[in-house]
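Keep in mind it's a predicted model, so treat the numbers as computed, not measured.
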Amino acid sequence: MALTVQSSPASHDYRHLVQDDRIHGSLYTDPAVFADEMQRIFTDGWAFVGHESEVPEVGDWVSRRLGTEPVLMVRNRDGAISVVANRCAHRGTTLCPQNDGNNRNFRCAYHGWTYDLDGTLLGVPGPKGFHKDTADLGLDRPGQVDDYRGFVFANRSGTAGSLSDHLGAGGTDLIDRTSNMSPTGRVRLSAGWIGQRIDSNWKMWPESDHDGYHLNFTHASMARAVPDTYYDEIVMTGEEASESATRAYDGGHLELDFRRSYTAELAWLGTTREKVADYCDALEGSYGPEKAKTIMWDGPPHALVFPNLFLAEMNIARIEPVAPGVTVHRHTPLLVEGTDESVNRRLVLQSEAAMGPASFFLTDDAVIAERMHRAFEGAAVGDDGWVDLSRGLEREQSADGQRWSDITDETTNRGFWHHYREVMASVVGDRHNGV
């Protein structure tokens with residue numbers, strides 16, 4: 001049974017709350033704003049669900065959320081991937097309480113209703129007691145499910161237009177650059193996810209993950225603990241010396257672009273060609289010497305695909321809204337195919353150091369986000385409680401569907417919020433007409 005959701009007009013003046021150079025703090029804390037977001041962004045729009053490598057075999061499934069809606073991403077009998085509600089169509093019982101598994105079908109523990117992998121109702125005990133056509137009682141399904149290079153997205157309402165339109169040139173390029181880190185062009189998300197619950201609003205994570213201004217301060221302890229890393233080259237040099245840039249693409253996609261700051265190939269991997277020779281040879285064999293050289297120098301993107309997919313260099317992260325003041329940030333290493341597994345072992349260790357529970361980056365950002373959220377808990381719409389986002393506005397440049405400026409400028413934050421404003425302030429029909 002396809003899920004159909006009707007949109008209602010926005011209940012707030014988002015064009016006032018999100019201005020060109022500032023936003024109001026109530027956008028983080030107001031429960032009505034959060035409810036609007038779950039409708040307009042995570043129901044009426046496309047959101048990242050998972051990667052095809054997570055469900056390689058028929059019957060494999062993983063549990064996910066589309067906004068606050070629990071769903072299952074599952075490999076069907078025909079090899080295609082479905083997304084279905086993790087909730088029995090009868091009385092709403094959770095079908096799969098675990099994080100992942102493999103099933104021939106889904107059977108509700110409450111009354112025994114059984115569903116095929118694609119959500120079709122297969123049978124109910126005591127069918128004579130039902131006067132309805134059970135063919136209409138399958139699991140709710142998003143109106144649209146599509147993927148790009150194995151990254152699976154879903155749109156619950158079915159009214160979002162095509163995934164290609166959602167990604168645009170910016171989102172497509174970011175996923176291409178991520179996938180091309182593998183010699184085969186195929187990546188794996190098979191090392192397991194680590195989730196951290198943070199008492200902050202979900203929008204603070206696209207902001208923080210793509211804020212180049214805070215790096216010298218929030219993460220200064222990393223530079224002291226692990227000196228002489230590429231991190232020093234790209235963020236600790238100050239705006240006068242750094243070659244890195246901050247970019248905002250059409251559609252709300254964002255990037256901290258470090259490519260011009262690397263002083264050696266594989267600097268992003270923290271190693272040299274001699275130590276990962278098999279990987280480098282495989283890249284050259286697949287892409288040719290020139291493109292492989294570009295990949296080895298540029299490395300992976302540090303980017304957001306709006307609204308919830310963080311391409312965190314050689315990690316992938318999902319941003320999960322739970323409540324106005326609760327977010328779960330989940331991450332997993334980005335593993336590559338077509339080369340010696342020692343490269344993937346290195347990537348797992350780097351992931352633990354950068355984003356694990358005792359990491360340098362994510363724990364620092366979590367503390368700041370929680371402090372920031374607490375500071376805005378009493379904010380009400382009015383003259384107080386505004387957040388300034390003006391840094392670098394006057395030196396920002398734009399062309400070909402993107403804007404960019406110095407790594408320390410707030411171009412990415414403005415890009416996120418300006419797209420947010422258009423999504424939240426327009427009705428569904430307007431968005432489809434390009435408003």
Side-chain angles (χ1 to χ4, degrees), residues 48 50-51 53-54 62-65 98-100 151 178 181-182 187-202 204-212 214-232 234-236 256 258 266-271 275-276 279 299-305 308-322 326-336 341-373:
F48 173 64
H51 192 268
S53 63
E54 298 181 81
V62 293
S63 63
R64 294 290 146 87
R65 286 183 177 269
Q98 301 84 9
N99 292 327
D100 54 68
F151 289 83
T178 297
M181 300 312 299
S182 169
V187 297
R188 297 201 317 264
L189 307 189
S190 57
W193 293 84
I194 295 177
Q196 299 189 47
R197 175 187 164 119
I198 303 114
D199 291 334
S200 76
N201 185 262
W202 71 274
M204 293 175 178
W205 289 93
E207 288 183 314
S208 178
D209 288 336
H210 301 87
D211 182 310
H214 80 293
L215 298 173
N216 286 357
F217 310 100
T218 303
H219 303 305
S221 61
M222 177 180 175
R224 293 193 297 267
V226 190
D228 302 322
T229 67
Y230 82 88
Y231 181 78
D232 295 334
I234 61 178
V235 300
M236 303 302 287
L256 291 184
F258 302 137
L266 301 169
W268 52 271
L269 192 56
T271 190
K275 294 181 180 179
V276 288
Y279 175 58
H302 183 109
L304 174 83
V305 175
N308 65 328
L309 170 57
F310 180 21
L311 304 173
E313 300 176 48
M314 296 306 287
N315 299 276
I316 298 295
R318 309 191 323 261
I319 302 166
E320 295 185 359
V322 177
V326 181
T327 303
V328 176
H329 194 287
R330 301 186 191 274
H331 76 275
T332 189
L334 180 76
L335 306 182
V336 298
E341 279 300 305
S342 64
V343 173
N344 286 329
R345 289 194 293 273
R346 174 184 290 271
L347 294 173
V348 171
L349 292 174
Q350 286 188 342
S351 179
E352 293 172 350
M355 301 183 72
S359 66
F360 287 107
F361 287 112
L362 196 59
T363 47
D364 288 343
D365 289 330
V367 170
I368 294 297
E370 290 185 342
R371 290 176 181 175
M372 186 175 171
H373 191 90

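Arg318 approaches Glu320 most closely through the heavy-atom pair NH2-OE2, 2.6 Å. In terms of heavy-atom proximity, Glu54 sits nearest to Leu189 at CG-O, 3.5 Å. Contact detail for Glu370 and Ser200: the closest heavy-atom pair is N-CB, 4.2 Å. For the residue pair Pro333 and Gly192, the shortest heavy atom distance occurs at CD-O, 4.1 Å. When all heavy atoms of Met314 and Pro300 are compared, the closest pair comes out as SD-CG, 3.6 Å. Of all non-hydrogen atoms in Trp205 and Thr327, the two that sit nearest each other are CD1-CG2, 4.0 Å.
Distance alone, capped at 3.5 Å, places no donor-acceptor pair between the His331 side chain and the Asn315 backbone. Under the 3.5 Å distance criterion, the side-chain polar atoms of Asn344 are matched with a main-chain donor or acceptor of Val336. Checking side-chain atoms of Gln196 against main-chain N and O of Met355 turns up a donor-acceptor pair under 3.5 Å. Thr332 places no side-chain N or O within donor-acceptor distance of the main-chain N or O of Ile316, the cut-off being under 3.5 Å.
For the atom pair CG (Leu309) and OG1 (Thr178), the distance works out to 8.0 Å, reported to the nearest 0.5 Å. The CG atom of Asn308 lies 10.5 Å from the CZ atom of Arg64; values are rounded to the nearest 0.5 Å. Atom CG in Leu256 sits 9.0 Å away from atom CD in Glu313 (nearest 0.5 Å). Here CD1 of Ile198 is found 13.0 Å from CD1 of Ile368. Values are rounded to the nearest 0.5 Å.
Leu266 places a side-chain heavy atom less than 4.5 Å from the side chain of Val276. Put simply, the side chain of His214 reaches to within 4.5 Å of the side chain of Asp365, judged on heavy atoms. In this structure, the side chains of Ile319 and Leu304 come closer than 4.5 Å at one or more pairs of heavy atoms. Asn99 places a side-chain heavy atom less than 4.5 Å from the side chain of Ser63. For the pair Leu269/Leu347, a side-chain contact is recorded, criterion being any heavy-atom separation below 4.5 Å from C-beta on. In this structure the side chain of Glu341 never reaches within 4.5 angstrom of the side chain of Leu335, judged on heavy atoms. Residues Arg65 and Val328 fail the side-chain proximity criterion, which asks for heavy atoms closer than 4.5 Å. Side chains of Val187 and Ser53 form no contact here, defined as non-hydrogen atoms less than 4.5 Å apart.
The ring pair (Phe, Tyr, Trp, His ring centres under 6.0 Å) test with His302 is passed by exactly one of Trp268, Phe310, Phe361: Phe310.
Listed by chain and number, the residues in a salt bridge (charged side-chain N to carboxylate O under 4.0 Å, His left out) with Asp199 are Arg197 (sequence neighbours excluded).
Using the six-membered ring where Trp is involved, Phe151 and His51 have ring planes that are perpendicular, over 60° apart on the 30 and 60° scheme.
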